[in-house]
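Okay, so here's the structure we're looking at.
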Amino acid sequence: MRSRSKSCPRVHGRNRAFKFPADPAMRLRLILILGSLTAFGPLSVDMYLPSFPTLARELNTAAASVQATLSAYLAGLAVAQAFYGPISDRYGRRGPLLVGLVLYVAASIACALAPNIESLWLARLAQSVGGCAGLVIARAAVRDLYSGAEAARFFSLLMLVLGTAPIVGPLLGAQLLVHFGWRAIFWTLALLAMAALVAVALGLPETLPPQRRARGGVLQALASYRELLRDRRFLAPTLAGDLVFAGLFAFIAGGPFVFIELHGLRPETFALLFSANALGLMLASQINARLVGRYGPARMLTASLLVYFVAAIALLVAALTDFGGIFGIIVPLFVLISIVGMAPANALALAQEHYPHAAGSATALFGMFQFGIGAIVGVLIGLIHDGTALPMAALIAIASIASLAVNHWLTPRAADP
């Protein structure tokens, strides 16, 4: 079967159709818009990370309560995706995406105006419901156009755009925090979402034409989740890839307190450290884009999980023994975050491979597990916070072992029925 990139499928706009991606300009535009949409998830997290200690002081609350705002956001992402996926499979990609962006703008303004931590929890939850539209629909749009190694390669290209968010986000957030206060972070997110709304309205075509949409209503589309959850071809890469994100979320939830409070880094310095990790993520994503065509997404996923496991054990040893001091934490974390740019792209390509008719639902379920795991990790980090790096390192090590086990035991073999 020829790859979709060579056959140049027709992508339908509201009033016309054009061939894509034969036109390099159209290809670049799609990468930039879809990459920006997927970046709203990390931007919504990374920009306010340096403000965690400040939020605790100014809102007169505990560290665990501030970390709960992260868990609220991740939980909202996990749950809302259950609806965006089937809805976009039934009604197309553009409409639900535009609605989600409008909600994100309104919720970001509510975050900026929050008078207390409870109001911030609710506003963050609403913000996640709007923001997850970009995550689900951008990934589903890729599956509308690509499959197999081509899909993994395109997801890796999206990671290049996505990788700028963890670089720019903490740096911008730290500067906004220092000069204007933490509320300016959420005003900025609202403005960025407005810009994305305009870009989608004017520059993103409909990638799912009416003849390829799911029939029978949203309830029937939701029933596709049962089919997905019973298929190991979907479940194995989904769980293996999403468990890798546990390490990223453990760092996001625990990192500010470990590095700012335990090791005494300034918020600006922590932002630079976070950005350096994001550079590793971008580099790994591009290595994956070059190698996946030769070795395939399944082999690349297994290799990346092994590297992730080794780095996780090194981090755990450093946390237990204080070997290497702060650098004993920084180095394995750099490797761990880098692998986030490799393993999930291959896992998502494998998970979607057999479900072109339900790409939105498959993508949504992948994201539900991803951010559900993240929400659980965020809560656990808050509950077992002890002022050291051990809770973060232990959770990452457990997740790495689980991802290897899932990939080994759940992946169907050639002899399986």
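Everything quoted here is computed from the prediction, not taken from an experiment.
Here the side chains of Phe186 and Ile109 are not in contact, with every heavy-atom distance at 4.5 Å or above. Within the 4.5 Å cutoff, the side chain of Leu59 has heavy atoms near those of the Trp182 side chain. Side-chain atoms of Phe249 and Ile373, non-hydrogen and from C-beta on, never get closer than 4.5 Å to each other. Arg290 is not listed as a side-chain neighbour of Gln286, based on a closest heavy-atom distance of 4.5 Å or more. Within the 4.5 Å cutoff, the side chain of Val244 has no heavy atoms near those of the Leu336 side chain. When side chains are defined from C-beta on, Leu37 does not count as touching Ile137, because their heavy atoms never get closer than 4.5 Å. Annotation: side chain of Trp187 is not in contact with side chain of Cys111 (no heavy-atom distance under 4.5 Å). Using a 4.5 Å cut-off on side-chain heavy atoms (C-beta onward), Pro344 and Asp242 make no contact.
To the nearest 0.5 Å, atoms CG (Leu273) and CG (Leu333) are separated by 8.0 Å. Rounded to the nearest 0.5 angstrom, Asn116 CG and Trp121 CH2 are separated by 9.0 Å. Separation of atoms CG (Leu120) and CG (Leu55) is listed at 6.5 Å; rounding is to 0.5 Å. The distance from atom CD1 of Ile381 to atom CG of Leu395, rounded to the nearest 0.5 Å, is 4.5 Å. Here the CD1 atom belonging to Ile401 is positioned 11.5 Å from the CG atom belonging to Leu243, to the nearest 0.5 angstrom. If you take CG on Leu228 and CG on Leu235, they are separated by 9.5 Å, rounding to the nearest 0.5 Å.
Side-chain N or O atoms of Arg233 include none that pairs as donor or acceptor with a backbone N or O of Thr411 at under 3.5 Å. In this structure a side-chain-to-backbone donor-acceptor pair under 3.5 Å is present from Ser400 to Ala397. No donor-acceptor pair under 3.5 Å is formed between the side chain of Thr69 and the backbone N or O of Ser65. Under a 3.5 Å cut-off, the side chain of Ser88 and the backbone N or O of Tyr84 do form a donor-acceptor pair. Although no hydrogens or angles enter the test, the distance criterion places a donor-acceptor pair under 3.5 Å between the side chain of Arg94 and the main chain of Val200. Listed for the Glu206 side chain is no donor-acceptor partner under 3.5 Å among the backbone atoms of Gly92.
Considering every non-hydrogen atom in both Ala236 and Val406, the closest pair reads O-CG1, 3.6 Å. Shown here for Ala284 and Met342, the closest heavy-atom pair between the two residues is O-CE, 3.5 Å. Pro96 and Ile87 make their closest contact through CG-CG2, 3.8 Å (heavy atoms, listed as atom of the first residue, atom of the second, distance). When all heavy atoms of Ala318 and Ile329 are compared, the pair lying nearest together is CB-CD1, 4.2 Å. Counting all heavy atoms, side chain and backbone alike, Ala246 lies closest to Ala399 at CB-CB, 3.5 Å. Ala141 and Leu34 get closest at one heavy-atom pair: CB-CD1, 4.2 Å.
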Audit row: Ser403, Tyr308, side-chain hydrogen bond (donor to acceptor under 3.5 Å, both in side chains) steps and yes/no: CA-CA 9 Å; Ser403 64; Tyr308 189 85; over 6 Å; no
message: Could you go through Tyr104 and Leu189, starting from their C-alpha distance and side-chain angles, then the distance that decides it, and tell me whether this counts as side chain to side chain contact (heavy atoms under 4.5 Å, CB included)?
response: CA-CA 9 Å; Tyr104 183 93; Leu189 287 171; 3.7 Å; yes
field: Verdict with reasoning, Val377 to Phe245, per side chain to side chain contact (heavy atoms under 4.5 Å, CB included)
entry: CA-CA 10 Å; Val377 168; Phe245 275 100; over 6 Å; no
message: The test is side chain to side chain contact (heavy atoms under 4.5 Å, CB included); show your working for Val307 and Val335 and say whether it passes.
response: CA-CA 8 Å; Val307 174; Val335 177; 3.9 Å; yes
query: Can Phe259 and Phe251 be said to form a side chain to side chain contact (heavy atoms under 4.5 Å, CB included), step by step?
result: CA-CA 10 Å; Phe259 290 103; Phe251 172 56; 3.6 Å; yes
message: Assess the residue pair Asn346 and Ser304 against the criterion (side-chain hydrogen bond (donor to acceptor under 3.5 Å, both in side chains)); give the C-alpha distance rounded to whole Å, side-chain angles, the decisive distance to 0.1 Å, and a yes or no.
response: CA-CA 10 Å; Asn346 296 302; Ser304 60; 5.1 Å; no
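Side-chain contact check for Ser338 and Asn277: no donor-acceptor pair (N or O, by modelled atom type) lies under 3.5 Å. With no hydrogens or angles considered, no side-chain donor-acceptor pair links Ser285 and Asn288 at under 3.5 Å.
Taking the ring centre of Tyr48 as origin, the terminal cationic atom of Arg124 falls inside the region bounded by 6.0 Å and 45° from the ring axis.
Checked against Leu197 for a side-chain contact (heavy atoms from CB on, under 4.5 Å), the options Leu192, Leu202, Val102 give a single hit: Val102.
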